[in-house]
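Note: hydrogens, waters and symmetry copies are ignored here, and every other heavy atom, side chains too, is used. Every chain is numbered from 1 and lettered A, B, ... according to where its sequence line falls, protein lines coming before strand lines.
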Amino acid sequence: MEIQSLYTLSDEEYVIQRAKNALIMDPIAAKAWMITAKTLYPNNFGVQFEAYRIEKTAGHLREAAKCFSDLIGKFHQHPEFWNEINKVTSALRIDSDLDPERQFLSKMFKHISPEIQHKLLLITADHCEDTMEHCKLLLLLLQKFHSAIPSHAPALIDTLLSAEKHSHASNHPINNYRKILVCELLPLLNEETTTVELSSKLVYKLLHKAIEYYVHSLNFHNNSNGQGIVNAELSWDKLCSVLEFTGRQLGWDPYLTTFGQNWTKEGYWQKLLTFCQSQCMNMDDNNNIRQLLYCLTVFFLQCLHDYKLSLAPEPCPGQPQTSYFLMEAFVDPTYPNPIIEPKSKRRKLDHETSTPQITVDKPELRNIVNNFLMTVKCWELLNSTEALQREYTKLNMHLKLNVWLTQFLIDYSVYKGQLDDALNYIKQKQDQYSPLKRNLRTASIQYLKKNYYASYNHIRSVIETLPTSNNGNLSNCLIIGGTQRHLHFLPLTKLGILQICTKLLIRSILEKAEGGYADLAIGNILVLSQLDWPQEEERLPSLLKHIQQRGAFQYYLFQTYVVNVDILEELTFLWTHQVVLDVVPHLGPRRIGTRGADKGVKEEIRQAIKTQVCRSNDALDQLIISFITKERESILQTLMEILKVIKQYTD
Amino acid sequence: MSVQETKISLRKIEFPACAKEALSRISQLICRRGPSLSQMDLALDLMAEFVFCEIDKRGNKLPPLNPIKELQLLDILFEYFNGNIKEVFKNTVFLSLFSGTTATLRSRILSKLISIAIGVPSKSVLISASALMQQVGDSSMNYNKLAEAIVKDYFVLIPNATQRLSGLPDFPVPRSLLETVVLWVTANSKLCIAAQQNPSPRSLLETVVLWVTANSKLCIAAQQNPSALPSGTIVMESTTSIAGLLKWCILAPIYKQDSELYANLHLGLLNNILDIPQGYQPKAINHVHLAVPIRYIYKYAASLVRKKDEAEKNRCLLEDVNLQLSLDRYAQAVQVALSTNCVYGNVGELLNQLSQLPQNKLWSIVIAANQPNK
C-alpha cells in the first residue's frame, strides 16, 4: 500500500497498517512500529491486541509474551482476548500436542513473567463456569506456583470434595474429581516446601479417599488383564506420598512415613515390626494405633497388589499368559527332603513343622511365594492385637476393602489349613471366582476333608472347564518329602490342572481302599498313574503284589485305558506266571483248566496286550480326561463307601 | 618529610622505578579525608615530574616521553591500578592523574592505558576509567580523542573485532567500552556529515548492535551502578548513550546508510528505553540531546527542495523515502521515550522544535498525542 493512500486511515489504523506492511519486507521495522503503536495507544484494545496478533503470527515468542502480558491486566474482559486466554490455558493442559498454535502458546506462556502467569491462571479459574475446568486451572496454578498453595489449596480441596459429592459419580470412587484430588493435588501438597493448614479430620478424610481410589483403580486394572501395571507402580508411589503428607500434617513419627529412593518391602516390614515393639506400651495411644494402622494397611494393600500381579506374570511374547493358583499339594515321607533354603534352615524346629512348604515349578516364580508370605505377615500383624483389629474393622467398613481381599483370604485359609473357613468364603463369594478355580479349590478341600465323593464331582466339573489354549507341562514338584504340609502354586494350564486332579483322584481311591484293594480300585489307579509316569511308577510294585497274592486280576476297562508299556509288561509277566488276567470282557472269568483247553483264550489275551502296546503312544491327557468323565460309575464304585456315608447323612 | 625531602628522595631513583614510588606517595597524599591544599599541590608536582616526566627538577618543560619510556610507564600504571587497593582510592588517583589542566597532555597515555585494559581485559582499570568519564562528561574534546584512539585500535586495526569483543557484555567491561564508543560517535557526527559517508567501521556498528540487542538494560547501566568516588566529590550527572546512538540511526537514511544494522540498533534502543524502570526519576535522556538530529534533517530537507516552488516542495519531501524513514524513526524514538517518561529538561520546548520538522503523518500523531494540555 502506498504511503499516500495510508493517509486516509485513522491514526490508529495508520500506525497498525504501517506495522503490518513492514512485517514481510522488514520485520525489524515492523517491531519498531508495533512498539510505537503500543505506547501511543496504551488503552486501545484493538491496537494492543493487534500488536499481540502480529507477534503471534510472526512466531515471536518473547514479543508475543510481552504483548500478552500487557493485555492481561487491562483487557481480560474483552471477549476476543478472553478467547485467547482460554486457548493458552487449554494448550497448557495438553502436554504433547502437534498443533502448532497450541505449541506456540504453551511455549509463549513460559516467557511470561511468573506474576503474570499466576494472574492469568487465577483469572481464568475464577471465570470458569465449569467446575472441572475451574479445578484443573487451579491445579495448574498450584503446580506452576508452589507459593500459591497455602492460599488456594484448601479451597481447591473443598471444591473437589463437594463437586464429587454432587456429581453423578458420587457413589463411585473412580471419577475425575477424585483423580485430580488424589493423583495430582495431594502429591503436590506433599512437596517439602509447602505448608497447608488443614484440620485433622479433613486429613483423614483425604487419606481415606486416596486409599479408596487406589484400591478401586488397581482392582479395575487387574480385571482388564494386567493393563496399566506400570501405572500401578507409579500410583503406589503417589499413595505413599499421600501417606507422607498425612503423617506430616498429623505430626506422626516420620519413621514410618518416609519412603525414600532406597525403600524396600523387607526394610519397611522391619520398620513396622520395630515400631510395633517400641510402641507396644503405648498402644492405647490412639494416635500411635492410627499411625500404625494406616501405614500397615497401605503396605498390606501394596503387598497384596504385588501378590496378585505376580500370580499372573507377563508371558513371554507369543506365549499364552499363565496364572498361578495356590493348591494343597502332596507330601510323601519316602521322598527325599526338598532343598530347603538356607534362610528357612535357621528357623526354629517347632515353627518349621507348623509352616507349610510352598513350592513353585520354576525358580523365577519364587517371588509369588515371597509376595504371598509378606502379605500373610502383614495380615497377621493387622490382626495381632485387639485394638488394631478393632480400628482395622472400622476402616474396612468405611473403605469396603473386603471385596478386594476375598481371594487372598481364601488363599490364607488354605495356607493356615482352615478348610471350613475357606469353603465358607468360596460359597459367599461364588461370583468372584471363576468356576474352574472354585471347583478346583473345592475338590482339593473336599479331598482333605475326606469327602472323596464330593471331591470327585468337583474334579469332573474342573475337567469340563479345562483351558484349551494353554497346554502347559507336567510338574515334578507336586509331591515332596518331609513332614510339613505342602502347598504349591499350580500353573492353571491344561496339563497342570489335569495332573493335580489325577493325583487327587489316585489318592482318594488309595485312601478309601485303606490297603484292601479291590481289582477295580487297582485298575483305576493303574489307569490314572499313567499320566505322570514314571513319577507314579513307585506305586506299581505294591499293586502288583496284591494281584499276585490274589492270583487273578479282573479289569474290563483294560482295553480302553491301559496303554503304558511298563504296566503292560509287568501284567504280562504276572500272566505268564500263573496269574489269571480277566481283562477281555466277553471271555469271562476262567479258571486254569486242562492243559491246552484255554489255548484260544491265551491267544486272545496275548493279542489284547499286543494291541494295547501298540497304543502306547496315545495322547495320555485325552485318555485320562475321558476316563475321568466317562467312567463315573467305575470310579464312584471305588469311592463307594463314602457315597454310602453321604447317603446316610442326607437321608 | 618535607616537600623538598620527598622530591629529593625520589630524584635519587631512576625512571621508571621513580614513577612507581611516586604513585604510592601520591596515593598516600590524596587518599585521606580532606587532604590539605599543600598536599594536593605536592601530589600534582609528583605526577608531573616523576610519573609523566613533563617537567624537570627546575620546572622546565620536557619533550614527550619516547615510546619505550611510554611503554614502561604504562606497565607501571597498569600494575598499580590492578593492585590490591580500594576501588574508591583507585578512582581518586585515576581522576587526579587524568583530569584537570594537564588532561590534554596526558590523553595519549590515558587512551593507551584504556586500550590495554579493554584488550586484557582489566576490570579495575575500566571501572576507574568509567568513573572518570562520568565525572568529566562527554563534552570534553579530550575524550573524543580518547574514543577515536580506541575505535582505531579495536575496530579499524582488528578485522574481526565483533567476534573478539562479543564475549564482553558483562559488567563492567562493555559498559565502559560502550560509553567510549558512543562518545566517539557523538563527537564525530560533524565529521560524518561533511564526508557524507559511513562514519564508522562496520564492525563497530555490529558490536554496538550486538550489545544493545542482547541486553536491554545496557544503555542505562552507568546510571544504575554509580562509581565509587572520593568523599566530598560533587557527583556529576552521567548521561546515557541512548540519545547519541539514536541520532546515529535516525540520521543514517539521509546519509544513505541503508545497512540493516541501523534498523536493528533502532529497535534495540527502543527496547532499552522501554526497559527503563518506571517511576525512576527521569534523567535518561536530555531534551537537548534528543533534539540534536533536527538541524541535520533541516539541512537535508533544505537541500532537497532548493529551487523548487511551494507545491512541489511538499510533494518532494513526502516522496523522499530516506527523509520519511528518518522522520519515522525519529518520531518512534521520541514517542517511546516520552511514553516511558524518561526525557528530562524542557519537553514542551522539545515538542515545539519537533513540530517544525518536514511533514510526516507519524510526527503529527506523536505531537498531538503528547501535547501537555491533551
Separation between [atom1] of [X] and [atom2] of [Y], rounded to the nearest 0.5 Å:
| X | Y | atom1 | atom2 | answer |
| --- | --- | --- | --- | --- |
| Leu261(B) | Ile28(A) | CG | CD1 | 9.5 Å |
| Leu9(A) | Lys361(B) | CG | NZ | 6.5 Å |
| Arg62(A) | Asn271(B) | CZ | CG | 8.0 Å |
| Gln332(B) | Leu40(A) | CD | CG | 9.5 Å |
| Met34(A) | Leu270(B) | CE | CG | 13.0 Å |

Practice problem: Sort Lys66(A) into side chain, backbone, both or neither according to what part of it lies under 4.5 angstrom from a heavy atom of chain B. | Solution: side chain

Self-check item: Criterion side-chain hydrogen bond (donor to acceptor under 3.5 Å, both in side chains) on Gln335(B) and Thr39(A), from CA distance to verdict
Solution: CA-CA 7 Å; Gln335(B) 164 57 29; Thr39(A) 60; 3.1 Å; yes

Quiz item: Which answer fits Leu274(B), side chain, backbone, both or neither, if we ask what part of it has an atom under 4.5 Å from a heavy atom of chain A?
Solution: side chain

Exercise. Write down the atom of Leu267(B), the atom of Ala32(A), and the distance for their closest heavy-atom approach.
Key: CD1-N, 3.7 Å

Quiz item: What pair of heavy atoms forms the shortest contact from Tyr14(A) to Leu362(B), and how long is it?
Solution: CE2-N, 4.1 Å

Quiz prompt | Residues, nucleotides or ligands: over 12 heavy atoms within 6.0 Å of Glu349(B) CD | solution = yes

